[in-house]
Every structure is written in C-alpha cells, then in structure tokens.
Amino acid sequence: MSDSTSETHAPSGGLLGLLSRLPGSYAGPQAPEAAPYALVGVGEGTLAAHLLQALALPSLTRAGTQFVLGSPDAAALATDYADLAEVAGASARRIGTGGRPEEIDVLVPGGPLSTYHFAQAVAYASGHADEARQADAALADLAARCAPNIEENNPARDLAWSLWGRTPLLLAAPDADALPHAWQQLLARTGKTLAVPLLGDPLPLASGAFDARHEQGDAKVALILGDTDPALLLAREILESRIDEIIHVPAPDGAQGYPAALALWYFGAWVAAYLAERYDTEPADPAVLARAQASLSGEGGSEAGGDLRLSAPRDDLRRTRVEEDEPDWADDADDDLDDPEDREED
C-alpha cells in the first residue's frame with residue numbers, strides 16, 4: 001500500500017492536508033484472518049497495538065492469527081515475535097512500514113500517521129469491519145470540524161490554544177491507558193511539546209505531586225481523555241486547587257471501544273499539528289529522528305548487494321535525506337540548546 005501524495009519535505013500545510021484526507025484512506029486487505037487473534041507491536045507499530053486493545057489484547061497466541069506490527073528500526077524484534085508465534089502453531093500476519101518482502105504481509109505508510117493504517121489493517125483482519133467503518137465515520141466528522149479552513153469553533157485549534165505555553169498532564173481511566181500514551185507521542189513528535197502521563201491510581205498523584213512545591217502547579221493543564229470514572233472525577237476535584245486548568249476531552253458523539261480510541265488519537269493529531277503552528281515550528285519529524293530510525297534499520301550500512309527491501313512512502317511527507325555518515329546526536333542537541341531564542345521560559 002502506498003500514499004500517492006508522498007513527497008520529500010513536510011510543510012505545515014502538507015501534514016494538515018494529510019490529516020484532512022486520512023479518514024477512509026486505508027487501502028489494504030479487508031478479509032478476516034483465522035481466529036483467535038493476538039497482537040504485538042514494535043517500533044512504529046507500538047502505539048497502534050496499544051490502541052487496539054479493545055479488539056485484540058497484546059499477547060502471543062498458539063493458534064489462529066498472530067498480528068505483528070512493526071517498522072524497519074525494530075525488524076529483528078518483529079521477526080522474533082513472528083517466529084515464536086509460528087513455532088507455537090499460529091499463523092503470523094506481519095504488517096509493517098518497510099523491510100524485506102518475505103517479512104511483510106501488508107505494507108503501510110510510515111510516519112506519525114501510520115498508527116491509523118496499522119490499526120485499520122488489524123480491525124479488518126480480526127473480523128471487526130463494522131468497528132473499522134465506525135472509526136472512519138468518527139474521523140470524517142472530526143476532519144470536517146477540525147480542518148484548517150474552520151476558523152471559528154474549531155475544537156482542535158481551541159484546545160491547542162489552551163495548551164500553548166503550558167505543560168499538559170494526561171489522565172485516563174485504567175481501561176483507556178493507551179490514550180495518555182497516544183497523546184504524549186503526538187504532542188512530542190508533532191507538537192514539539194513534552195506532556196506528562198499520570199498513569200496508575202490518579203489520587204496519590206493528584207493529591208501529592210504539588211504539595212512540596214506549589215509553584216510546580218503553575219502553567220500546568222490536565223487533560224482527562226475519554227470516559228471518566230469516580231477516581232478520575234475525584235482527581236479532577238483535587239487538581240482544581242493545584243494547577244491552572246482541567247479540560248475533559250471526551251470521545252466524539254459518544255463513540256465507544258476501538259472507534260473511540262482511534263478518534264481520540266486522530267483528534268490528538270490535529271491538536272498537536274495546531275500546537276506546532278502556535279509555536280511557529282514545523283509539525284514534521286526532527287531530522288535526528290529520521291537518522292536514528294535509519295541507523296537502527298541498517299539504512300546506509302554495508303549490506304550485501306541485492307538485499308531487496310520494501311519501504312512505504314512516509315505519509316507525513318517529512319523524511320529528510322538520510323546522511324551516509326555516522327549520526328552525530330550530540331551536535332544536534334547542542335545546536336538546539338545553545339540557541340537562546342529556542343528556549344522556552346517557564
């Protein structure tokens with residue numbers, strides 16, 4: 001599968017355009033595989049596997065179909081999982097953004113939006129076509145309300161404004177712990193902002209985290225993602241006296257299960273893109289991430305000739321040309337830190 005819109009660079013408008021076109025863009029197989037189902041995600045597939053826990057718990061199976069979601073930077077681990085499943089008696093279904101042809105059953109676009117393609121591939125292949133279509137409908141509704149041409153009452157732009165200059169704290173109910181994971185990834189990778197997930201029992205965190213240094217509650221905003229429960233409501237009441245603001249981000253139109261999880265991920269992607277816009281920075285991946293992933297996947301190395309590899313286009317349009325020489329992590333970090341104009345004041 002490929003995305004014909006892929007290019008070399010990723011201007012801000014490019015990512016926003018891709019977000020607008022994402023609903024319904026999955027173009028892979030839709031036939032169900034043999035049950036039962038199990039799921040493992042590594043590399044770019046890790047987040048999708050977490051979001052899919054409503055359909056298939058992350059685990060290994062001895063029968064049926066083992067889904068292995070991965071990318072070239074974690075190819076060895078994905079191969080190990082697939083081999084273990086096949087030795088145990090299951091059929092491995094490998095979904096990835098690149099690698100050797102014999103290691104991939106379904107090729108999906110890479111980049112931060114790969115989560116959608118991974119997730120929909122597993123939803124269809126695990127016999128949940130109805131949920132996959134419901135998810136696309138929820139995403140399409142969000143796209144209509146969050147598109148760049150919507151200046152007034154754009155929920156993603158409004159939430160990005162609330163997050164601007166603040167540190168987000170991310171909370172969700174225990175059965176939705178994939179949502180803080182998703183939003184932390186999106187806000188960092190696309191929005192260039194560090195968010196802090198508050199995982200586990202929220203009450204000790206909410207009641208004690210700011211008592212020693214009350215000023216740590218300044219410039220903090222808590223996002224309650226998805227459905228609430230009694231503990232989250234109590235945590236909200238406690239946090240109201242400790243931080244600047246608490247915002248509930250429910251699933252759109254009462255969606256539940258997998259459609260709700262994918263829709264909230266998608267909404268987070270819009271928010272992250274607009275937050276990057278607020279900071280006057282590109283939502284594209286940093287060049288250092290591209291080089292790190294390339295280094296782990298063996299790109300530019302001394303591999304034997306004729307070693308054919310597949311690579312799906314980056315559906316975020318952002319892949320910068322990978323340098324042939326060794327990556328220099330320190331220089332990139334020092335350049336960023338040494339520029340005083342790039343530093344944010346608390």
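These values consider heavy atoms only, across backbone and side chains, with no hydrogens, waters or symmetry-generated copies.
- Residue Ser162 holds its OG atom at 11.0 Å from CG of Asp244, rounded to the nearest 0.5 Å.
- The minimum heavy-atom distance linking Ser114 with Gly111 is given by the pair OG-O, 2.8 Å.
- Summarising the geometry, atom NE2 belonging to His181 is positioned 10.0 Å from atom CG belonging to Leu199; distances are rounded to the nearest 0.5 Å.
- Within the model, atoms NE2 of His248 and CD1 of Ile224 stand 6.5 Å from one another, a figure rounded to the nearest 0.5 Å.
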With side-chain contact (heavy atoms from CB on, under 4.5 Å) as the criterion, how do Leu289 and Gln293 come out once you've worked through the C-alpha distance, each side chain's angles and the decisive distance to 0.1 Å?
CA-CA 6 Å; Leu289 175 59; Gln293 290 174 330; 3.9 Å; yes
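- Placement of Val106 and Leu47 within a single hydrophobic cluster is found when ILVMFWY residues are connected by side-chain heavy-atom separations under 4.5 Å, directly or transitively.
- At least one side-chain heavy atom of Asp227 sits under 4.5 Å from a side-chain heavy atom of Gln256.
- Using modelled atom types, one side-chain atom of Tyr37 and one backbone atom of Glu33 make a donor-acceptor pair closer than 3.5 Å.
- With sequence neighbours left out, the side chain to side chain contact (heavy atoms under 4.5 Å, CB included) criterion links Ala263 to Ala138, Leu139, Leu142, Pro252.
- Surrounding CD of Glu237 are at most 12 heavy atoms belonging to other residues, nucleotides or ligands under 6.0 Å away.
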Exercise for review: Might you work through the side-chain contact (heavy atoms from CB on, under 4.5 Å) test for Leu15 and Thr190, ending with a clear yes or no?
Suggested key: CA-CA 10 Å; Leu15 182 57; Thr190 300; 3.8 Å; yes
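- Electrostatic pairing of Glu282 and Lys192 does not count as a salt bridge here, judged by no charged N lying under 4.0 Å from a carboxylate O.
- Put simply, the side chain of Asp136 never gets that close to the backbone of Pro23: no donor and acceptor are under 3.5 Å apart.
- In this structure, Ile247 is a member of the same hydrophobic cluster as Leu264, with clusters built from ILVMFWY side-chain heavy atoms closer than 4.5 Å.
- In this structure, Pro112 and Pro283 have side chains that are not in contact, with every pair of non-hydrogen atoms separated by 4.5 Å or more.
- Under the 3.5 Å distance criterion, the side-chain polar atoms of Thr65 are matched with a main-chain donor or acceptor of Ala34.
- Atom CZ of residue Arg242 and atom CG of residue Asp218 lie 13.5 Å apart, to the nearest 0.5 angstrom.
- Residues Pro168 and Val196 form no side-chain contact, since every pair of their non-hydrogen atoms from C-beta on lies 4.5 Å or further apart.
- Every salt bridge (Lys or Arg N to Asp or Glu O under 4.0 Å) that Asp141 has, sequence neighbours left out, goes to Arg145.
- Using bins of under 30°, 30° to 60° and over 60° for the plane-to-plane angle, the ring pair Trp164/Tyr279 lands in the tilted bin.
- Residues Leu163 and Leu187 are in side-chain contact: their nearest non-hydrogen atoms beyond the backbone lie under 4.5 Å apart.
- Between Leu223 and the options Leu159, Leu171, Leu169, Ile246, a side chain to side chain contact (heavy atoms under 4.5 Å, CB included) holds for only Leu159.
- Side chains of Tyr124 and Pro29 form no contact here, defined as non-hydrogen atoms less than 4.5 Å apart.
- A distance of 9.5 Å separates OG1 in Thr115 from CG in Leu69, rounded to the nearest 0.5 Å.
- With hydrogens and angles disregarded, a donor-acceptor distance shorter than 3.5 Å links the side chain of Ser297 to the backbone of Ala294.
- Remark: side-chain polar atoms of Lys220 are paired, donor with acceptor, to backbone N or O of Gln216 under 3.5 angstrom.
- In this structure, Leu262 and Trp265 have side chains that are in contact, with non-hydrogen atoms separated by less than 4.5 Å.
- Leu52 and Ala123 make their closest contact through CD2-N, 4.5 Å (heavy atoms, listed as atom of the first residue, atom of the second, distance).
- A donor-acceptor pair under 3.5 Å links the side-chain atoms of Asn154 to the main chain of Ala156, judged by distance alone.
- The environment of Tyr81 atom OH is sparse: at most 12 non-hydrogen atoms of other residues, nucleotides or ligands sit within 6.0 angstrom.
- Between His50 and Asp177, the closest side-chain pair of non-hydrogen atoms falls below 4.5 Å.
- Cluster annotation: Leu225 and Leu203 are assigned to distinct hydrophobic clusters (Ile/Leu/Val/Met/Phe/Trp/Tyr, side-chain heavy-atom contacts under 4.5 Å, transitive).
- Aromatic ring orientation, Trp270 versus Tyr274: parallel (interplanar angle below 30°, classes split at 30° and 60°).
- Contact between Pro58 and Ala49 at its shortest, heavy atoms only, is CG-O, 4.3 Å.
- Counting only distance, with no hydrogens or angles, the side chain of Ser295 and the backbone of Arg291 share no donor-acceptor pair below 3.5 Å.
- When every heavy atom of Leu51 is checked against every heavy atom of Ala182, the shortest pair comes out as CD2-CB, 4.4 Å.
- The shortest heavy-atom contact between Ala56 and Leu39 is O-CD2, 3.7 Å.
- Evaluation of the salt bridge (Lys or Arg N to Asp or Glu O under 4.0 Å) rule for Asp280 yields no partner, not counting sequence neighbours.
- Leu60 and Leu77 fall within a single hydrophobic cluster, where Ile, Leu, Val, Met, Phe, Trp and Tyr are joined by side-chain heavy atoms under 4.5 Å apart, directly or via other members.
- In the hydrophobic clustering of this structure, Val108 does not group with Val40; members are Ile, Leu, Val, Met, Phe, Trp, Tyr whose side-chain heavy atoms approach within less than 4.5 Å, directly or through other members.
- Pro32 is not listed as a side-chain neighbour of Ser126, based on a closest heavy-atom distance of 4.5 Å or more.
- Using a 30° and 60° split on the angle between ring planes, Trp183 and Phe267 fall in the tilted class, from 30° to 60°.
- Considering every non-hydrogen atom in both Leu186 and Ala269, the closest pair reads CD1-N, 3.6 Å.
- When atom types are taken as modelled, the side chain of Thr193 and the backbone of Gly191 share a donor-acceptor pair closer than 3.5 angstrom.
- Formation of a donor-acceptor pair under 3.5 Å by the Gln184 side chain with backbone atoms of Pro197 is not found in this model.
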Requested in this report: Evaluate the side-chain contact (heavy atoms from CB on, under 4.5 Å) criterion for residues Arg166 and Glu245: first the C-alpha distance (whole Å), next the side-chain angles of each, then the deciding distance (0.1 Å), finally the verdict.
Outcome: CA-CA 10 Å; Arg166 291 165 153 181; Glu245 188 177 4; 2.7 Å; yes
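- Between the side chain of His117 and the main chain of Gly110, no donor-acceptor pair closer than 3.5 Å is present.
- For the atom pair CG of Leu113 and CZ of Phe118, the computed distance is 12.0 Å after rounding to the nearest 0.5 Å.
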- Report the C-alpha separation of Cys146 and Tyr266 in whole Å, then their side-chain angles, then the decisive distance to 0.1 Å, and conclude whether the side-chain contact (heavy atoms from CB on, under 4.5 Å) test is met. CA-CA 10 Å; Cys146 298; Tyr266 181 61; over 6 Å; no
